[in-house]
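For reference, the structure is listed below as structure tokens.
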Amino acid sequence: MKYSAFVAVLLLLLGLVSCSDSPGSEPGDRIVAVATTGMIADLVENIGGDLVAVTSLMGPGTDPHLYRASAGDVAALQNADIIFLNGLDLEAKMGDVLERMAGSRPVHAVAAHVPENRLLVNEEGVYDPHIWFDVELWQDAAVVVLDALQEFDPGNSEAYQANYAAYDSQLADLQVEVVESLSAIPGSSRVLITSHDAFNYFGRAYGFEVMGLQGISTVSEAGTRDIQNLADMIAERRIRAIFTESSVSDRNIKALQAAVESRSWDVRIGEELFSDAMGSAGTPEGTYLGMVRHNVRSIVEAFGE
Ligand SMILES: [Zn+2]
């Protein structure tokens, strides 16, 4: 009896501790940050270093366009000192809950620093949220995280600045590496066809024509007409490869491949791309740098001999 009473008190205390909103209230005095996607969590981890404990709500293979906050997510958000999201309506089904959180703690959209004239807009006038595939735009996102952490925890401003500078130089190196790797692909082959329009910023930054079977949000389904049109184009232009994405079903891309085959042209499906989610934690693709490298390698290999 004594023991269970002790446990009850302990649980109560833990409950009280985890309900506290003040910064540095967690064991080890780390700032508790919650990010929506893995890419954003990775960015916060790199800039926050040991000073910040980061949780990502969306794991590998998760589609952010369709994702709804679970009860556990809401609890994690309520327990967070600071929250980071992509913005530009990437987290389309989480708008209400994120807005509610903004009343009681800082909530930052990492897309906020991207200059208006660098944002892409689709035919319906909707902003394309997939900014992470232009490494230079992701460098803008890093500035948002730096500013937010410095504002929240000015005492550790210099540490955040140093972490930021180190990571920003890795991003700058990545940008050079991506351009160099992709230069192996001849101009006529530079057409990137994927499950949904996640790669428009990639296309603009690195010189690819980009086509997705679904639009910039996976909320809209691709019709079979899109598949027939794309199949005509692929067969006519003798495009060698198309790609599936880790966070979207491969059904439509397989249907597209079959439709191209019926037009007497063989198009291969390249190695799966990480579009809206990173790979598993502990693998190279479980980091932003690794996912970008994986995608570039997959694209170069698919268009190679
Ligand atoms: Zn997407």
Side-chain angles (χ1 to χ4, degrees), residues 3-112 129 132 141 144-153 156 160 217-219 246-247 276-282 286-288:
Y3 178 70
S4 59
F6 170 71
V7 169
V9 170
L10 193 67
L11 287 175
L12 188 66
L13 283 172
L14 285 173
L16 287 175
V17 168
S18 68
C19 285
S20 166
D21 276 348
S22 60
S25 61
E26 291 292 306
D29 269 10
R30 295 163 90 195
I31 292 170
V32 177
V34 171
T36 53
T37 72
M39 293 78 83
I40 299 167
D42 184 56
L43 194 55
V44 177
E45 220 165 85
N46 274 288
I47 298 169
D50 295 339
L51 298 164
V52 180
V54 193
T55 311
S56 156
L57 298 183
M58 304 178 199
T62 304
D63 181 341
H65 304 285
L66 304 177
Y67 190 80
R68 288 175 195 278
S70 67
D73 291 342
V74 174
L77 289 165
Q78 271 164 348
N79 190 44
D81 296 318
I82 189 165
I83 296 168
F84 294 93
L85 67 144
N86 187 83
L88 303 175
D89 211 26
L90 176 73
E91 300 91 347
K93 314 277 187 198
M94 289 186 66
D96 290 348
V97 67
L98 290 168
E99 212 168 289
R100 219 164 52 234
M101 295 299 157
S104 50
R105 76 214 67 223
V107 174
H108 296 275
V110 300
W132 55 95
V144 174
V145 174
L146 172 66
D147 288 351
L149 290 177
Q150 285 183 322
E151 189 188 330
F152 186 78
D153 180 22
N156 287 307
Y160 298 128
S217 167
T218 51
V219 172
S246 64
S247 54
D276 291 3
M278 306 195 302
S280 303
T287 68
Y288 172 76

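Since the model is a prediction, treat every value here as computed from it, not as a measurement.
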*For Thr62 against Ser247, the heavy-atom pair lying closest together*: O-CB, 3.6 Å
*Can you name the nearest heavy-atom pair linking Pro129 to Leu88, along with the distance?*
CB-O, 3.5 Å
_CG on Asp276 to CG on Leu90, rounded to 0.5 Å_ = 6.0 Å
*asked:* Do Asp42 and Met39 make a side-chain contact, defined as non-hydrogen atoms from C-beta onward lying under 4.5 Å apart?
replied: no
*Nearest-0.5 Å distance that lies between atom OG in Ser246 and atom CG in Asp63*: 9.5 Å
*Can you find a pair of side-chain heavy atoms, one from Phe84 and one from Val34, that are under 4.5 Å apart?*
no
*Closest contact, heavy atoms only, Met278 versus Gly38*: CE-O, 3.3 Å
_Close side-chain approach of Val52 to Ile82, heavy-atom, < 4.5 Å_ = no
*Taking all atoms of both residues into account, what is the closest heavy-atom pair of Asn86 and Ile40, and its distance?*
N-CD1, 3.2 Å
*Any side-chain heavy atom of Glu151 sitting closer than 4.5 Å to one from Asp147?*
no
*asked:* Any side-chain to backbone donor/acceptor pair from Arg105 onto Ala80? Under 3.5 Å, distance only.
replied: yes
*Of all the heavy-atom pairs spanning Ala33 and Val44, show the shortest one and how long it is.*
CB-CG1, 4.1 Å
_Could you measure the distance from the CG atom of Leu57 to the CG atom of Asp73? Nearest 0.5 Å is fine._
4.5 Å
*Kindly indicate whether the side chain of Met94, heavy atoms from C-beta on, has any atom under 4.5 Å from the side chain of Met58.*
yes
_Derivation and outcome, side chain to side chain contact (heavy atoms under 4.5 Å, CB included), residues Val54 and Val32_ = CA-CA 6 Å; Val54 193; Val32 177; over 6 Å; no
*Report the C-alpha distance between Thr37 and Tyr67 in whole Å, list the side-chain angles of each, state the deciding distance to 0.1 Å, and finish with yes or no for side chain to side chain contact (heavy atoms under 4.5 Å, CB included).*
CA-CA 10 Å; Thr37 72; Tyr67 190 80; over 6 Å; no
_Minimum side-chain heavy-atom gap Leu85-Val110 below 4.5 Å_ = no
*asked:* Nearest 0.5 Å, please: how far is CD1 in Ile83 from CE in Met101?
replied: 6.0 Å
*For residues Asp81 and Arg30, report the shortest heavy-atom separation together with the two atoms involved.*
OD2-O, 4.3 Å
*Indicate whether the side chain of Tyr288 and that of Asn46 have a donor and an acceptor atom separated by less than 3.5 Å.*
no
